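Scroll down for the structure; my scribbles are underneath it.
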Amino acid sequence: MLIAAAQFPSRRHDIAANAARMAALLARAADLGAALVVFAELALTQYDLDALAADPGLALTPDDARLAPVREACRAHGVGAVVNVPAREPGGPAGIPGLTSFVFGPDGALLTRYTKRHLSGRERDLVTPGHTEGRFRLGGVPFALATCYDNSFPELAERAAADGCRVYLASSFHSSPESLTKYPDRAWDNGLHVLLANGAGMGSGTSGPGCGLSGGWLPDGRQVASAGPGADCPEEGELVLTDVRDAVVLMADPAVAAMPVRECGEPLVDVREAAPNLLAAAADTEEATTDGAGAHLRAGVLERLLAAERVLPDGLRLRLVEGYRPPALQRHYFERYADRLRGLHPDWAPDRVRSAASRFVSPPEIAPHSAGGAVDVTLITADGSPVDMGTPVDASPEESDGACYTAAPGIPAAARRARRTLSAALTTAGLVNYPTEWWHWSYGDRYWALETGADAALYGPRELR
């Protein structure tokens with residue numbers, strides 16, 4: 001997964017112009033393969049505390065019409081956005097906004113909001129502090145949020161790492177390059193990817209002009225991306241990108257196995273009889289050895305697949321490649337792939353082999369396919385022709401050089417658009433993607449429960465008969 005920091009010189013109090021620039025940057029970032037774009041502190045209004053105090057109309061809500069260009073760009077391009085704005089705090093003092101980051105998902109819906117907790121200078125007199133942590137998940141990656149002066153407090157990043165976050169996102173307005181020296185420390189000290197979106201252009205009062213230099217740091221503290229100085233930032237803005245694919249929570253992660261299962265008892269249904277138009281393809285694959293088991297799904301998963309197909313653009317349909325997989329077959333696939341990795345990497349420890357294997361085949365004890373909750377699915381045209389998705393279904397990370405990852409950079413633009421179309425339909429229907437495989441989607445299993453924040457999985461492993 002690529003994520004991007006965007007910096008541009010905000011126009012003073014011109015929310016419409018700044019929102020339009022954000023929308024354009026979201027489109028540019030999506031074309032480069034980014035799944036998420038982070039904007040600087042108060043990039044929508046410009047960092048101007050006096051104006052915030054004098055004009056209550058500058059405060060926004062997540063559904064504010066002035067944010068419509070941002071939400072629509074997220075939907076149109078299948079990309080998330082972190083937008084920091086002055087916002088009324090629920091239960092906060094009347095007339096005093098917080099400095100709040102709204103996180104919009106690829107469907108334009110609000111994923112979470114986070115309000116700056118640590119205030120500096122005149123902010124203490126004019127701004128309401130927040131009191132909650134900023135956390136969200138996107139594309140299988142757990143993210144943490146912080147805003148400018150927050151980053152002077154190491155405990156924020158420490159709590160993020162303790163909560164299982166793997167990427168730390170900072171929306172800031174620093175006027176001095178010296179202020180940026182803390183970010184590699186946050187990365188190194190906590191083993192986090194860090195992405196900074198910093199302001200460019202004028203601020204107000206003692207803040208001075210934003211120094212730009214937005215950047216990304218790896219968990220070992222190395223900087224891998226940097227924008228130019230704020231004074232040199234072009235009107236259309238700049239993007240810096242960093243790859244956080246290694247931050248994806250894999251099936252072998254203990255957090256997945258720790259999710260409880262409260263089996264709902266929903267039956268497995270035969271898709272060939274219940275919905276033949278989904279073109280269940282188990283008979284054309286290795287799964288034909290299991291007497292058509294791969295053509296079965298939990299009833300709730302099938303219901304959601306049909307709902308997803310109904311919202312696809314005209315001329316496109318879903319093709320089900322595989323659904324249910326018997327536990328014994330799942331174990332066979334996992335061990336076979338693990339043996340292959342052991343042969344390629346004889347120096348790897350068992351835990352590393354297990355983790356790497358789970359990029360492509362789930363450990364059998366928690367496998368979504370064996371619970372009947374997972375589908376391998378692709379797109380076809382109305383006449384049954386395959387749509388180019390960038391790799392075949394079931395291309396391994398080694399075979400595809402990582403192009404099997406849903407948000408892989410470097411795949412053809414048409415394939416990226418097709419993946420976004422598939423993702424939009426299935427996400428709308430309530431399924432979640434396993435980010436190492438663009439074709440693998442699930443509902444009701446442990447991974448789904450972890451990604452959606454459900455209390456428990458609905459489906460556990462079972463035998464077909």
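Note that this is a predicted model, so its numbers are computed, not measured.
- Applying the salt bridge (Lys or Arg N to Asp or Glu O under 4.0 Å) definition to pairs two or more places apart or across chains, those involving residues 215-228 are D220-R222.
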Please step through salt bridge (charged side-chain N to carboxylate O under 4.0 Å, His left out) for the pair E263 and R462, ending with a clear verdict. CA-CA 10 Å; E263 173 61 56; R462 60 177 296 173; 5.1 Å; no
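- In this structure, P142 and G164 approach most closely via the heavy-atom pair CG-O, 3.4 Å.
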Applying side chain to side chain contact (heavy atoms under 4.5 Å, CB included), run through L44 and L67 and close with a yes or a no. CA-CA 9 Å; L44 193 68; L67 280 169; 3.7 Å; yes
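- Side-chain atoms of S171 do not come within 3.5 Å of backbone N or O of E41 as any donor-acceptor pair.
- The pair D246-R166 does not meet the salt-bridge criterion, since no charged nitrogen lies less than 4.0 angstrom from a carboxylate oxygen.
- Relative orientation of the Y459 and Y443 rings is perpendicular, given thresholds of 30° and 60° on the angle between their planes.
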Verdict with reasoning, D50 to R122, per salt bridge (charged side-chain N to carboxylate O under 4.0 Å, His left out): CA-CA 9 Å; D50 293 326; R122 295 186 65 240; 2.8 Å; yes
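- Ion pairing of R117 with E133 is present here, as a side-chain N (NZ or NE/NH1/NH2) and a carboxylate O approach within less than 4.0 Å.
- Counted within 6.0 Å of CZ on R11, heavy atoms from surrounding residues, nucleotides or ligands total 12 or fewer; the atom is thus considered open.
- The pair E238-R28 does not meet the salt-bridge criterion, since no charged nitrogen lies less than 4.0 angstrom from a carboxylate oxygen.
- Using a cut-off of 4.0 Å between Lys/Arg side-chain N and Asp/Glu carboxylate O, E303 and R310 are scored as not salt-bridged.
- The CG atom of L196 sits 5.0 Å away from atom CG of L180, with the distance rounded to the nearest 0.5 Å.
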Take L49 and V127, measure what side chain to side chain contact (heavy atoms under 4.5 Å, CB included) needs, and give me the verdict at the end. CA-CA 8 Å; L49 297 178; V127 174; 4.3 Å; yes
Test log, rule side chain to side chain contact (heavy atoms under 4.5 Å, CB included), inputs S152 and K182: CA-CA 7 Å; S152 296; K182 60 177 74 73; 3.4 Å; yes
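- L318 places a side-chain heavy atom less than 4.5 Å from the side chain of L312.
- With salt bridges taken as basic N to acidic carboxylate O contacts below 4.0 Å, one links E365 and R354.
- Across all non-hydrogen atoms, the minimal contact from S226 to Q223 is CB-NE2, 3.5 Å.
- Formation of a donor-acceptor pair under 3.5 Å by the N190 side chain with backbone atoms of L192 is not found in this model.
- Proximity of V83 to M22: side-chain heavy atoms (C-beta onward) are separated by under 4.5 Å at one or more points.
- Panel note: side chain D253, backbone A255; a donor-acceptor pair is recorded below 3.5 Å.
- In the displayed structure, D401 atom CG is contacted under 6.0 Å by at most 12 heavy atoms of other residues, nucleotides or ligands.
- Among Q330, H440, R446, the single residue meeting the side chain to side chain contact (heavy atoms under 4.5 Å, CB included) criterion with P368 is H440.
- Between the side chain of S370 and the main chain of R325, a donor-acceptor pair closer than 3.5 Å is present.
- Between H345 and W348, the two ring planes are parallel [angle under 30°; tilted spans 30° to 60°].
- In the model, D445 has no side-chain atom that pairs as donor or acceptor with a side-chain atom of H369 under 3.5 Å.
- Once rounded to the nearest 0.5 Å, the distance linking CG of L52 with CG of L42 reads 6.0 Å.
- Aromatic ring centroids of F153 and H118 lie under 6.0 Å apart.
- Donor-acceptor pairing under 3.5 Å is lacking for the side chains of Y47 and R12.
- A salt bridge does not link E266 with R298: none of the charged nitrogens is closer than 4.0 Å to a carboxylate oxygen.
- Here the side chain of S175 pairs no donor or acceptor atom with the backbone of C211 at under 3.5 angstrom.
- Listed for the N433 side chain is no donor-acceptor partner under 3.5 Å among the backbone atoms of W441.
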Under the side-chain hydrogen bond (donor to acceptor under 3.5 Å, both in side chains) rule, what do D150 and Y114 come out as? Steps first, then yes or no, please. CA-CA 12 Å; D150 281 336; Y114 168 74; 2.7 Å; yes
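- For the pair R245 and Y405, the cation sits on the ring face: its NZ or CZ lies under 6.0 Å from the ring centre, inside 45° of the axis.
- Nearest heavy atoms, G139 versus V248: O-CG2, 3.9 Å.
- Panel note: side chain S358, backbone S355; a donor-acceptor pair is recorded below 3.5 Å.
- Taking every heavy atom of both residues into account, V301 and G372 meet most closely at CG2-O, 3.8 Å.
- Judged by distance alone, with hydrogens and angles left aside, the side-chain atoms of T427 form a donor-acceptor pair with the main-chain N or O of S423 at under 3.5 Å.
- D63 CG to R71 CZ: the interatomic distance, rounded to the nearest 0.5 Å, is 6.5 Å.
- With no hydrogens or angles considered, no side-chain donor-acceptor pair links N18 and S10 at under 3.5 Å.
- To the nearest 0.5 Å, atoms CG (L119) and OH (Y149) are separated by 9.5 Å.
- With respect to the salt-bridge test (charged N to carboxylate O, under 4.0 angstrom), the residues E236 and R21 do not qualify.
- Between L36 atom CG and L2 atom CG the span is 11.0 Å, to the nearest 0.5 Å.
- Side chains of Y337 and E398: a donor on one and an acceptor on the other come within 3.5 Å.
- In terms of heavy atoms, Y447 sits closest to V256 at CD1-CG2, 3.9 Å.
- Within the 3.5 Å criterion, the main-chain N or O of A395 finds no donor-acceptor partner in the side chain of T391.
- The aromatic rings of F360 and W439 sit perpendicular to each other, their planes meeting at more than 60°, with 30° as the lower class boundary.
- Summarising the geometry of T112 relative to L110, their closest heavy-atom pair is O-CD1, 3.3 Å, with the distance given to 0.1 Å.
- Summarising the geometry, atom CH2 belonging to W448 is positioned 9.0 Å from atom OG belonging to S442; distances are rounded to the nearest 0.5 Å.
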Y183 and N151: side chain to side chain contact (heavy atoms under 4.5 Å, CB included), yes or no, with the steps? CA-CA 8 Å; Y183 292 100; N151 299 292; 3.1 Å; yes
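- One N or O on the side chain of Q7 and one on the backbone of S214 form a donor-acceptor pair closer than 3.5 Å.
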